Structure formats: C-alpha cells, structure tokens
Amino acid sequence: MLDKKYLRDNPDEAIARLGLRGAQFEAPLRRFAELDIERRNTQTELDELKSRRNALSKQVGELMKTGKRDEAETVKAESKALGEQIDELEALFSALDDEERGLLLGLPNFPYPEIPTGGEENAVVVSEWGDALPAQDWMADQFELGNRLGLFNFEAGVRVTGAGFPFLTGAGAMLQRALINYMLDVHIREHGYTEVRPPFIVAPQSPLGTGQLPKFGNQMYHVHIWDEDKPGTPGQPDFYLIPTAEVPVANLYREQILEQPGLPIKLVAYSPCFRVEAGSYGSEVRGLKRLHQFEKVELVRIADPERSWEDLEEMTLEAESILRRLEIPFRRKVLPTGDMAFGSAKTYDVELYTPLSGWLEVSSASNTTDWQSRRANLRFRKEAGGKPEFAHLLNASGLALPRLVIAVLEQYQQQDGSISVPQVLRPYMGGMELIRRPESGIPQV
RNA sequence: GGAGAGGUGGCCGAGCGGUUUAAGGCGCUCGCCUGGAAAGCGGGUGUGCUGUAAAAGGUACCGAGGGUUCGAAUCCCUCCCUCUCCGCCA
C-alpha cells in the first residue's frame, strides 16, 4: 500500500512514478485525490457532530441527575436528531473510506528509480558466474534422466491429484530433501538466519498483507471448510494454500509494533508452494520446470528502511551462494518495471544455466520497501518512546527446488547414465556418491 | 466435538448504562528531595484518522462485527480467540 499522505501531497509525481510500470494508474490516482478530499471533509464534519452529541449526552445525564426532567427531554430530542444526521454522514464516510481503501489496495509499489522500464525483454543482465557446460550428444534432459533413474513419477501424480503434482521417488526424493536441508543449514549457520516453519494454509488477511489479494486470488488454491448448511456454495474462501513461504513469514509480525528489534530480522523458511499457474503447458514446461506444487527455501528480511537496499544486495548474494557452492553457473537480471511483482520496488531474478534446459529462474529477490508492511501494518520503534515507523519487507528465494534439481541432474550426469552427487550434498545423502538406476526398488508404472 | 470460565492500556487488575478525559497497582520516564542512592512526594506515559508551520484541539478504539439507547467497556445478537475439564486424534 502506498502512503496516503505522499499521494495527497505529490499527485503528479505519483502518477509519473506508477506510470513507469506501463499500465495506466492515472485514473485511479485522480479518483483517489477526489475521494481523499471528500473523505476528510466528511470526517471533519462527522467529528464535529459527534463532539456536539457527546456534549449533549453529558448534559442529559446532568439534567436527569438534578431532576430537570423536562429540560432533559428537550436535549434528548435534539441529540436524537443529531444522531440521525450522524448516521447518514457515517454511511457516506464509510462508503468513501471503503472506496479509498479499495483503490489503495489496487495500486502497485513505486518502482525504484534506476531500473529499466518496459516488459520482460528489457531485463538487464547485471552479473554472470561460472562456465556454462555445453550440451553433449550423450546427455539427456531432466525429464529423461528422472524417468530413467526412477527419480520421479508424473503419471502417478496425475492419477492421485492431477497434472503438476508429481511424486518424487527414491533418490529423487532424497536429493530434494538433501538440497532443502543443505540450503537451510547454509542460511542458518553462515548467513545468520533464524529458521521458521510456517503454516502452509493461511487466512485471507495474510495474502492481503503480502499483496496476492485482492487482485490475484485466482492464482492461489482456496480451501473451504465444508458447511453442512450450504454445501456446494462456498462463498468467501476460508483459507488459501500458500503460493510461497513469503506469505506466512512476512505476516509473522502483522499488526505488531516491534520495540527496538535490531533490524534486520532475518528469517528462513522451507515450505511447499501451491500455484494455480493457469495456462502455459506443453513440452516447454515438461518435467519439473513448472508445477502446481513445488518446494522452496525462502529468505525474508524485516529491514530498517535506511538500509534495505543493502539488504536486497546481501540477500541476492546469499541466494546465489548456493549455486556457487553447487558449482552451477548462473546470471543475475534486474527486472524491468513492467515485469516486476505488484509489491516490489526492485527485483533481481537469478537464473541458473543447465546444459539441456538452458536458463531457468531459481530465485527472485525483491525489496517491497514499505508497501507490504503498510498492508500488513508491521511497524517498529527505532528508539524507546519514538514514533512507530513501517519496516521494509524483503524476500528472496533461496532457492526454489525443482529447477535446482533439474540443474543438478543435467549438469552432474555422467556418460554412463549415472549422476554424480555434488560434494556438498553427499553428507546429506548418507554419503551417496552416485545416483544410478536402482536394480531393485518400487515399480515405476 | 461437549461442558464451564474468560477476553479491559506495556503488564496486573477494577468497572457491568451518564463526574471514565478507563479507578488502583506495577513498569517506564521527568522533576523535587539527597553528598549520592533507595524510599517518599509530584507530573508524564497508547494507536489510528483528522487538524496545525508546529502545537492545541476533535474523533474513534475496552477480542471482532452488528443492534438497543439521548448516551455503551457496561445491555442484546452473531462470530473469533484463550484457559480448565471431558472426548477424539498424528
């Protein structure tokens, strides 16, 4: 959510800044300006009426006490009339206030000044690391490798749930678990994060705080509690499955004022992620590239506004450090204004390189500045007795798993068809050095 | 899921229709006192909106929402949550 006072005082600047996102926000911003004036005038008037009613009511009390019943009745009548005016004005006020709030909830964050404008094609690669491993004739892609080695089972996933919900099996499941544990350990032990195990199902207030609601509810799975009285007519969703751990973790301190918390607060969370991901199917997203359910280790920082841009740089490096340790080449892009998430002021995407699947996004690191914290009403006090101020909220995947698994499979495959387990993961896989086709195990069909 | 109790300021806790601008206490803070400190005494001590150059002031908030009333922390309705006991359960 943007700062009302800023919008009020700098309407043209606000229009120009949001204009950088491509879409037109002039109309809602102009409407906001109108509403804001009307709302405030209404409130002033309303407060005045209430003040008078309070005085009259007090007067009634005194008159009753001193036995002046008739006079009390007169004042009562006056106060009642006032009350009717108040009710009317109150209705107007809440209509204006609701519309204003709705408008504000529908506005994205201001982009950071120096980032490129335009769509996806304008993303700028700002750094690259590692040497891309060229594809060889004998190499197989992730889908074939996984099937051959019995690492996952897509058909079974379709049977059990539907497309996009694969089983990981055998060494595939172990590899995934090893990566999760390894990444958590790196962030906890070396980057100073505190681990959080969040709820995977959240009430609507939480995605409202992070910005998925009210505009993007159709990208999340809804959970309804069965109501005997009105089966089949769910109405308002009761809960959502989290699309990322960012949602519960960024809401950890929602509605709180943190007293001299010593920012940044660094949180790392593993979670499954559920996304509807309408559209875009076919061979391009075959295998593990795009799923309805995937897993992720997520970094969240609650930052001091004065140094949140440094926090963004640090977090991106922390995400990238996983790839360095696994010796997987990657590059970093700055997303242009038109390609950023709604709440982000600046986003880096980290893409790893795989021999057969090419560049794949495995992390997205964003500074949402005070946009999310305003929605979530997350504040802190820098010094005792000081004014509460909105913290900055940042998030970065550290990292998303399926595509990381793709990279490990494709890059670490051997000519004999096995996959060599990356050094750093071996302790997490009981010392396993090679993933081979199991001679015995569960049937694959 | 059943029965009972309860949700009040940073914390404890009173209030159960009108001197509540929420008693009292604790904590915090400022001042007085003191050589210094403790004790004691006195003042201050929330958040949002509004307002202002800044103040002052106004208004709302006693779990949430609605209702009754001239007036609601207080009465009524609905919901949420916490605690105790029972049941069920990984």
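Keep in mind that this is a model prediction, so the values were computed, not measured. Residue numbers begin at 1 in each chain, while the letters A, B, ... track the order of the sequences.
- Nucleotides B:C62 and B:A72 place their C1' atoms 11 Å apart, quoted to the nearest Å.
- Here the separation of B:C81 from B:G65, taken at their C1' atoms, is 15 Å to the nearest Å.
- When both distances must be under 3.5 Å, the Watson-Crick or G-U wobble mate of B:G57 is B:U50.
- Straight-line distance between the P atoms of B:C61 and B:G9: roughly 15 Å, to the nearest whole Å.
- Using P as the reference atom, B:A60 and B:G71 are 12 Å apart when rounded to the nearest Å.
- Within the shown strands, B:C30 is the pairing partner of B:G42 under the Watson-Crick or G-U definition, both distances less than 3.5 Å.
- Only the C1' atoms considered, B:G44 is 15 Å distant from B:U21, to the nearest whole Å.
- Pairing for B:A22 is absent, with no Watson-Crick or G-U wobble pair whose two atom distances lie under 3.5 Å.
- Distance check on atom P: B:C16 versus B:C86 gives 35 Å, rounded to whole Å.
- Using a 4.0 Å cut-off between a side-chain N of Lys or Arg and a carboxylate O of Asp or Glu, A:E389 and A:R381 do not qualify as a salt bridge.
- A:R8 comes within contact range of the sugar-phosphate backbone alone, with a heavy-atom separation under 4.0 Å but no base atom that close.
- Aromatic ring orientation, A:H191 versus A:H187: tilted (interplanar angle from 30° to 60°).
- Counting only heavy atoms from C-beta outward, the side chains of A:M340 and A:R21 approach each other to under 4.5 Å.
- Mapped onto RNA chain B by nearest heavy atom, A:R381 and A:R40 fall at different nucleotides, with A:R381 at the one closer to the 5' end.
- Heavy atoms of other residues, nucleotides or ligands lying less than 6.0 angstrom from CG of A:D9 number more than 12.
- Taking 4.0 Å as the cutoff to heavy atoms of chain A, we find the contact window on RNA chain B bounded by B:G18 to B:G71.
- Using Watson-Crick or G-U wobble geometry with both donor-acceptor distances under 3.5 Å, B:C85 finds its partner in B:G2.
- If you check every strand for non-hydrogen atoms under 4.0 Å, A:N54 touches sugar and phosphate atoms only.
- Contacts of A:Q260 classified as side-chain hydrogen bond (donor to acceptor under 3.5 Å, both in side chains), with partners at least two apart in sequence or in another chain: none.
- Nucleotide B:A64 is matched to B:U78 when pairs are restricted to Watson-Crick or G-U wobble geometry with both distances under 3.5 angstrom.
- Base pairing of B:G17 is not made with any nucleotide, judged by Watson-Crick or G-U wobble geometry with both donor-acceptor distances under 3.5 Å.
- Nucleic acid contact class of A:V75 (heavy atoms, under 4.0 Å, all strands): none.
- When the nearest nucleotides of RNA chain B are assigned to A:R53 and A:I257 by heavy-atom distance, the more 5′-ward of the two goes with A:I257.
- In this structure, A:R375 satisfies the cation-pi test against A:W371, with its NZ or CZ atom closer than 6.0 Å to the six-membered ring centre and inside 45 degrees of the ring normal.
- Here the side chains of A:L104 and A:F32 are in contact, with some heavy-atom distance below 4.5 Å.
- When the C1' atom is compared between B:A73 and B:G17, the two are found 11 Å apart, to the nearest whole Å.
- For the P atom pair drawn from B:U45 and B:A37, the interatomic distance equals 25 Å after rounding to whole Å.
- Residues A:F143 and A:K289 are not in side-chain contact: their nearest non-hydrogen atoms beyond the backbone lie 4.5 Å or more apart.
- Nucleotide B:A90 forms a pair with no other nucleotide shown, judged by Watson-Crick or G-U wobble geometry with both contacts under 3.5 Å.
- Using a 4.0 Å heavy-atom cutoff across all strands shown, A:R52 reaches no nucleic acid atom at all.
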